[in-house]
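Right, one structure below, let's go through it.
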Amino acid sequence: MSEKDLSLDLPDPDDSSARRSKPKAPRQGKVADRGKLKIGDDWNAIRIIALSQGNPLKAIAEFVENSIDAHARTITITRGREHGEHYVSIKDNGDGVPRDEEGRPNFKYVATHIGDSIKRRLKAEGSGNGIQGEFGIGLLSFWTVGNKLTMISIGSDQRSYQMTMSKGDPGYTVSPRRVLFAERGTELRISPLLEGIRTLSGEKIQWYLASELRDRIRNAKVRVTVIDKLALKQYEVEPRAYEGRLLHQLPAVRTPFGDAYAELYLAEPADSSRVALTRSGTRVIDDLATLPGLEHAPWSSRYLQGLLDVPFLNLTPGTRSGIIHDERYAALLEAIQALEAHLQGLIEAQERAEEEQASQQSLRAIQRAFREALLALPPEEYDWFDIQARARNDSGQPRPGGRAGGSAAGEDGPDALGVTEPAFSLGRQRHFFDYAGPLFSVVISPASSTTPVNERRRFRALPRDRSRRHVEEDLQFSWQIAEGGGSLAGTVDQEIEYLAPATPGLARLKMSVTQHDVTCTAEALITITASLEVAMSTAIVNARGLPGYTFERAAGELWRSRFDAARNLIIVNNGHRDFVFATKNRALQLRYLVRLYVKELVLKNFTGIPPEQLLERMIELSLYAEEKLKAGGS
């Protein structure tokens with residue numbers, strides 16, 4: 001491990017040169033004095049630097065980077081307890097500490113040159129490519145981890161030496177270390193750990209390094225292992241893998257100070273999705289959108305994961321988690337604009353695809369809701385898609401060219417709403433999930449109807465299991481008139497006939513169905529009228545199934561929807577303020593679309609009736625459709 005070169009010459013406390021010099025009085029006749037800034041209290045400056053790193057995990061990452069800078073191929077981080085004290089050690093097989101004239105590790109230079117970084121000079125000379133440290137203060141960050149730092153390295157005589165520093169102590173000691181075999185590389189050992197650091201698990205260290213040093217570990221091809229002796233576990237630090245689709249052929253980000261590299265992934269929007277800012281493979285900022293000038297889309301959209309590596313940025317010393325907003329940062333903001341525009345276009349395309357998928361899901365939910373609603377309403381008034389006949393065929397009466405039995409969804413051909421699904425062949429065996437489970441619920445079709453006096457109407461019970469499949473076996477039915485007049489024929493059959501009385505009024509049917517020890521009940525409401533004046537037209541959609549829908553943006557216009565008969569489409573104004581309000585969540589948007597469907601279907605299928613009756617029909621259909629939409633879990 002190479003030293004995190006430390007600068008600021010530590011003076012001898014007895015040295016008179018370390019004493020503060022007396023300020024000289026300004027000469028008469030001079031406008032201003034000139035001079036150079038100096039450290040007034042060296043030890044106080046060192047204390048401030050040592051405590052500037054507030055994150056112990058970041059301090060451990062600094063030590064690992066020192067090892068990478070020293071060309072280590074393997075790095076082992078150990079968390080344990082010895083002689084009653086918790087410790088953390090970072091051991092590598094790198095170049096070790098540079099040696100002095102006697103061939104020993106030059107610990108004295110490390111301790112007496114805080115802030116005077118060899119690595120910065122190497123970079124300036126062009127021979128420090130890939131080296132990350134430049135301030136010479138990283139070693140002092142052990143103050144945020146533990147009380148004592150022991151640094152171990154070997155000399156040219158293959159003997160082991162160590163340097164010891166203590167938190168709050170300006171001194172250091174260098175001594176030989178007795179070991180059986182001296183090993184190549186450097187070891188840092190910090191003990192005892194601070195009280196709040198003792199719970200820092202090996203797993204947390206592994207996760208932090210995998211994200212913080214993702215590209216440095218990957219590019220250096222170094223193996224980093226975390227051994228947690230307290231938890232008896234071992235972890236390999238694997239560079240973090242991003243989710244989503246890797247974006248290729250991105251616009252280049254070029255500045256006079258160098259190029260930036262972007263590794264970006266387009267993923268599902270999530271609060272955890274963000275783009276990190278790194279410098280030469282080390283993370284500097286977790287979220288690019290928190291930086292001034294970048295707090296906008298696409299960085300704030302939460303569609304992107306990955307990193308933007310900008311090796312030419314200047315960082316704040318001490319924490320190395322901040323950026324100096326100088327001319328280099330300004331050049332980045334200007335050069336990144338083309339990349340931002342390209343990414344925003346990709347995100348908008350992704351949003352359109354998600355909106356299309358959501359629309360398909362919404363359409364299926366609306367179809368299910370309307371099918372169930374129309375099953376519960378009078379067929380002569382609402383059976384625009386021949387749902388009642390299809391339901392009877394699905395429950396046991398064979399269709400032409402089809403099979404007996406089945407579910408209400410119409411599995412052997414187009415369903416009640418005109419959606420075609422794969423057909424069952426006569427020779428195909430039923431799968432396990434084609435069989436209905438135990439009885440769970442029952443409804444009466446129609447659940448609400450209007451019948452003229454002295455007329456007959458048929459009602460049918462539709463028992464279902466928990467998955468809404470029709471139950472057909474071991475059923476016992478019982479019908480009765482719970483309220484009002486009239487009579488029933490076949491009170492123990494699945495389908496019965498009701499004879500309306502001679503006087504208008506309200507009647508309520510009640511039925512129960514039993515399967516073994518499970519009993520379910522349902523009710524139906526019948527309005528008996530002296531005359532039934534409903535003018536209904538043959539709807540255009542009769543033979544074409546339930547219309548689909550599409551969007552047309554007409555912001556500022558009053559219309560919410562309209563029916564396009566030629567295309568069998570309901571056109572929804574997605575620029576209307578009501579639609580914008582409804583997009584707050586999917587459930588609210590579905591209810592809004594259902595109401596638009598109700599409006600258009602009622603207008604098309606009930607023509608020539610007074611407005612008040614038209615509104616009554618809209619309320620009736622809307623009530624049942626929204627209830628079925630809710631029951632379907634949408």
Side-chain angles (χ1 to χ4, degrees), residues 1-6 49-79 87-94 117 119 130-146 149 151 185-190 193-194 196-228 235-241 276-287 307 309-311 313 315-323:
M1 178 184 291
S2 140
E3 75 284 2
K4 198 67 173 179
D5 320 309
L6 312 160
I49 293 172
L51 294 173
S52 63
Q53 178 58 266
N55 185 355
L57 286 170
K58 181 74 173 177
I60 294 174
E62 294 261 3
F63 302 147
V64 173
E65 283 197 279
N66 281 348
S67 296
I68 296 175
D69 289 342
H71 309 106
R73 306 305 299 171
T74 61
I75 303 171
T76 303
I77 303 165
T78 305
R79 169 182 178 257
Y87 71 89
V88 167
S89 74
I90 299 93
K91 187 175 183 180
D92 66 59
N93 63 349
S117 175
K119 298 176 186 178
I131 293 178
Q132 190 69 353
E134 61 178 317
F135 300 118
I137 59 179
L139 200 63
L140 289 177
S141 60
F142 84 87
W143 283 32
T144 64
V145 181
L149 169 73
M151 189 175 189
T186 306
E187 180 181 357
L188 286 180
R189 187 183 182 96
I190 304 171
L193 300 183
L194 301 181
I197 308 301
R198 295 176 185 175
T199 58
L200 194 63
S201 67
E203 186 178 22
K204 288 182 180 178
I205 296 173
Q206 179 252 336
W207 280 113
Y208 184 84
L209 296 178
S211 181
E212 182 77 3
L213 304 180
R214 175 181 181 270
D215 279 4
R216 288 227 70 194
I217 294 174
R218 186 174 61 178
N219 295 338
K221 295 182 174 58
V222 59
R223 180 182 179 185
V224 182
T225 305
V226 180
I227 299 175
D228 192 337
Y235 307 92
E236 294 292 331
V237 178
E238 299 289 345
R240 176 189 170 189
L277 178 69
T278 64
R279 196 187 75 158
S280 300
T282 301
R283 185 177 60 183
V284 179
I285 301 293
D286 290 338
D287 187 0
L307 60 89
D309 192 85
V310 190
L313 287 180
L315 306 184
T316 56
T319 63
R320 286 176 56 188
S321 60
I323 296 172

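Predicted model, so just to flag it, every value in this text is computed and none were measured.
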Which heavy atom in [X] sits nearest to a heavy atom in [Y], and how many Å separate them?
X    : Y    : result
A59  : V145 : CB-CG2, 3.9 Å
V226 : G202 : CG1-O, 3.6 Å
I197 : P56  : CD1-CG, 3.4 Å

Within this structure, what is the [atom1]-[atom2] distance for the pair [X] and [Y], rounded to the nearest 0.5 Å?
X    : Y    : atom1 : atom2 : value
I90  : T186 : CD1   : OG1   : 11.5 Å
T282 : I217 : OG1   : CD1   : 9.0 Å
I190 : M151 : CD1   : CE    : 11.0 Å

Side chains of [X] and [Y] in contact at under 4.5 Å (non-hydrogen atoms):
X    : Y    : answer
E212 : V64  : no
V88  : I77  : yes
L313 : L277 : yes
L200 : I205 : yes
F142 : L188 : no
V224 : L213 : no
E62  : N55  : no
V284 : L315 : yes

Q: For D287, check side chain to side chain donor-acceptor pair (under 3.5 Å) against everything at least two apart and list the hits.
A: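 Listed in chain order: R302.
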Q: Please identify each residue that fulfils side chain to side chain donor-acceptor pair (under 3.5 Å) with S141, with sequence neighbours left out.
A: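 Applying side chain to side chain donor-acceptor pair (under 3.5 Å) to S141 gives none.
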Residues forming a side-chain contact (heavy atoms from CB on, under 4.5 Å) with [X], sequence neighbours excluded:
X    : result
T78  : T76, Y87, S89, I227, K229
S211 : R240, R283
A220 : I68, V222

**Q.** R216 and D309: CA distance, side-chain angles, deciding distance, salt bridge (charged side-chain N to carboxylate O under 4.0 Å, His left out) verdict
**A.** CA-CA 11 Å; R216 288 227 70 194; D309 192 85; over 6 Å; no
(Q) With salt bridge (Lys or Arg N to Asp or Glu O under 4.0 Å) as the rule and sequence neighbours excluded, what pairs involving residues 218-228 come up? (A)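 Sorted result for residues 218-228: R79-D228, D215-R218, R218-E263, R223-E236.
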(Q) Between D92 and G185 (side chain of the first, backbone of the second, donor and acceptor by atom type, cut-off under 3.5 Å), is there such a pair? (A) no
